[in-house]
**Student:** 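The following block contains the structure, expressed as structure tokens.
All figures in this text were calculated on a predicted structure; none of them were measured in a lab. In what follows, chains are A, B, ... by sequence order, proteins preceding strands, each numbered from 1.
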Amino acid sequence: MIELAHVSKRYPERGDALRDLSFRLEAGEMAFLTGHSGAGKSTLLKLIGLLERPSHGSIRVGGEDLARLPRRRIPAHRRRIGMVFQDHRLLAGRSVFDNVALPLVTAGMPRDEIGRRVRAALDQVGLLKLERALPLTLSSGEQQRVGIARAVVGRPEVILADEPTGNLDPDLSREIFRLFERFHQLGVSLLIATHDLALIRAMGHRTLVLKQGRLVADAIPRPPAPQAAPEPVS
Amino acid sequence: MSARGPRWLRCLLTWAGEHRRAATETIDRLARAPLGTLMTVAAIAIALALPATLLAITDNLEALADDWRRGAALSLFLAPELDETTAEALAAALRLRIDIDRVDVISRAQGLAELREHSGLGSAVEQLPDNPLPVVLGVYPAADLTPGDDVDALLASLAVLPGVDFAQADAQWIRRLNAILSLLREGVLLLGAMLALGVVLVVGNTIRLETENRRDEIQVMDLVGATGAFIRRPFLYAGAWYGLLGGLLAWALVDAAMWLLQAPAGRVAALYDAELQLTALDLRQSLSLLGVGTLLGVVGSRIAVGRHLARLRPV
Ligand SMILES: Nc1ncnc2c1ncn2[C@@H]1O[C@H](COP(=O)(O)OP(=O)(O)OP(=O)(O)O)[C@@H](O)[C@H]1O
Ligand SMILES: [Mg+2]
């Protein structure tokens, strides 16, 4: 699904943010991306979302070489990817419904279809009741769930999340991760950057560790002993 | 749900609906900041009204000059010994030429009457023992001859006809008038081009501020996969509205200017024994004014949003 080969990213004057990075994320796979601050996690996600281009190496998403993607096809590429941000990036002036509808509206989807899909997405994140609310009246966790609903409403093949639980308390974080797990079970590929090692260990998915721009580990962490029973998925 | 019709039709309707929504939403947005909108619109209107007023004035002068030109005959003074029958024959021959519209024969008696009437000599003329005037042919050049070169050539060809003593055209002032009119036209074009650039800059700057204010919104739209066209759309509509409203106000300003100028222009015309009814912009010109305003608004806003997007999306 996502395939990186010898990818480097150099910022002029700042040096290498990523160095010779290669890995594959299969369709339907869920993986975590971790490492110290400044290790290059956000940079990697930006390259995959084509917010920036790599200095070297190639990135393929769904078999498509991003280097060959002309500017005008980038919007379509972004719609195949759902992005979740630590700071939510919601539009303060628009209702929850309108925020979630944005990817569909920009894609020119018929109104009736938008209504159905938005409500389905809000239902998945448990916010159907709040569709008319403005984002700033919501709690941080609710805002993040709106962000997730917006990321999944276009039925993307991949979800990229950059520290989606960065400023949430542990309970809320677990709730968000459970939500991601549910999309994983629906067959979506996920790449989630996070510092939350406890959660990573608890969930037992593949984890990529970056250190100063290099991939230094790629493994499924040993589950903590004694093994916790898998969370029931409702 | 209203899932009627094939999907492409619903997509088309959605697309049209999006445009309508963008158009109405932007006008709402402008209406919510009436003072700022008014200032932008007024700046555009003044920039459009200046060349448009000049254009209207030039058009009026042109119409006036056309009348004068058409009224200007070439005078052929015939040899004194030629009588009126010969003169009529010559006139009939001249009427057959395609470069001549009309020929009037002014008999000696008519000439004398005119002299008595207009010269102010009055009864002094009566004292003349003989009528000293020759027969004169008033030759009106065909309308498609350009005043100036063509008419000069015609005059030269008439001057050498047998029986013609000399030919005269009061062409000097017509040539001057033409030169002044074409200078005015060029001036209008130049001024228009400069002020059009002004309109583009005014709208561009207004839209630039707007894109700065809505930077977050634009960025989020870009992140969730909005196309450039989608992001630009509301701004282009805003530019179009500014231009259209500016054009409407400019049209009103031109009308007002022509109304105000009517009295003084009439007084000037009266000095030249002419009547001058100033006309404002005709329908085609009015529509052009609105169209040009709208177009300039769109261009200005397209440049501003384009620059903003280029900075926002380095990829
Ligand atoms: N736009 C940029 N211009 C210059 N340097 C940048 C830019 N973005 C990131 N960097 C640099 O690249 C390196 C990696 O940054 P990145 O944001 O990817 O780290 P991160 O792993 O996401 O860190 P954090 O956990 O703090 O979010 C850092 O040294 C950073 O300073
Ligand atoms: Mg980061």
**Student:** Suppose we call two aromatic rings close when their centres sit under 6.0 Å apart. Are A/His195 and A/His36 close by that rule?
**Tutor:**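 They do not qualify: ring centres at least 6.0 Å apart.
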
**Student:** Can you see whether A/His205 engages A/Glu181 through a side-chain donor-acceptor pair at a distance of less than 3.5 angstrom?
**Tutor:**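 Their side chains do contain a donor-acceptor pair, which is all the 3.5 Å distance test asks for.
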
**Student:** Are the aromatic ring centres of A/Phe177 and A/Phe32 under 6.0 angstrom apart?
**Tutor:**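 Close enough - the centres of the two rings lie under 6.0 Å apart.
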
**Student:** Sort by residue number and list every member of residues 16-49 of chain B having a non-hydrogen atom under 4.5 Å from chain A.
**Tutor:** B/Glu18, B/Arg21

**Student:** With a 3.5 Å cut-off and no angle check, do the side chains of A/Thr165 and A/Asp196 form a donor-acceptor pair?
**Tutor:** no

**Student:** With the threshold set at 4.0 Å, does a side-chain nitrogen-carboxylate oxygen contact exist between A/Arg60 and A/Glu64?
**Tutor:** no

**Student:** Go through the atoms of A/Arg72 and report whether side chain, backbone, both or neither lie under 4.5 Å from a heavy atom of chain B.
**Tutor:** neither

**Student:** Can you tell whether the side chains of B/Arg215 and B/Glu212 come within less than 4.0 Å, N to carboxylate O?
**Tutor:**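 Looking at B/Arg215 and B/Glu212, the cut-off is met.
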
**Student:** Give, as side chain, backbone, both or neither, the part of A/Leu91 having an atom under 4.5 angstrom from any heavy atom of chain B.
**Tutor:**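 Side chain only.
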
**Student:** Please say whether the positively charged group of A/Arg89, taken as NZ for Lys or CZ for Arg, lies over the ring of A/Phe85, i.e. under 6.0 angstrom from the six-membered ring centre and within 45 degrees of the axis.
**Tutor:** yes

**Student:** Heavy-atom distance under 4.5 Å to chain B: side chain of A/Ile74, backbone, both or neither?
**Tutor:**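 Contact with chain B: side chain only.
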
**Student:** Answer with side chain, backbone, both or neither: which region of A/Arg80 has an atom nearer than 4.5 Å to a non-hydrogen atom of chain B?
**Tutor:**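 Contact with chain B involves no heavy atom of A/Arg80 at all.
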
**Student:** Indicate whether any N or O donor in one side chain lies under 3.5 Å from an N or O acceptor in the other, for A/Asp162 and A/Ser42.
**Tutor:**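 Looking only at side-chain atoms, A/Ser42 and A/Asp162 do form a donor-acceptor pair, the distance falling under 3.5 Å.
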
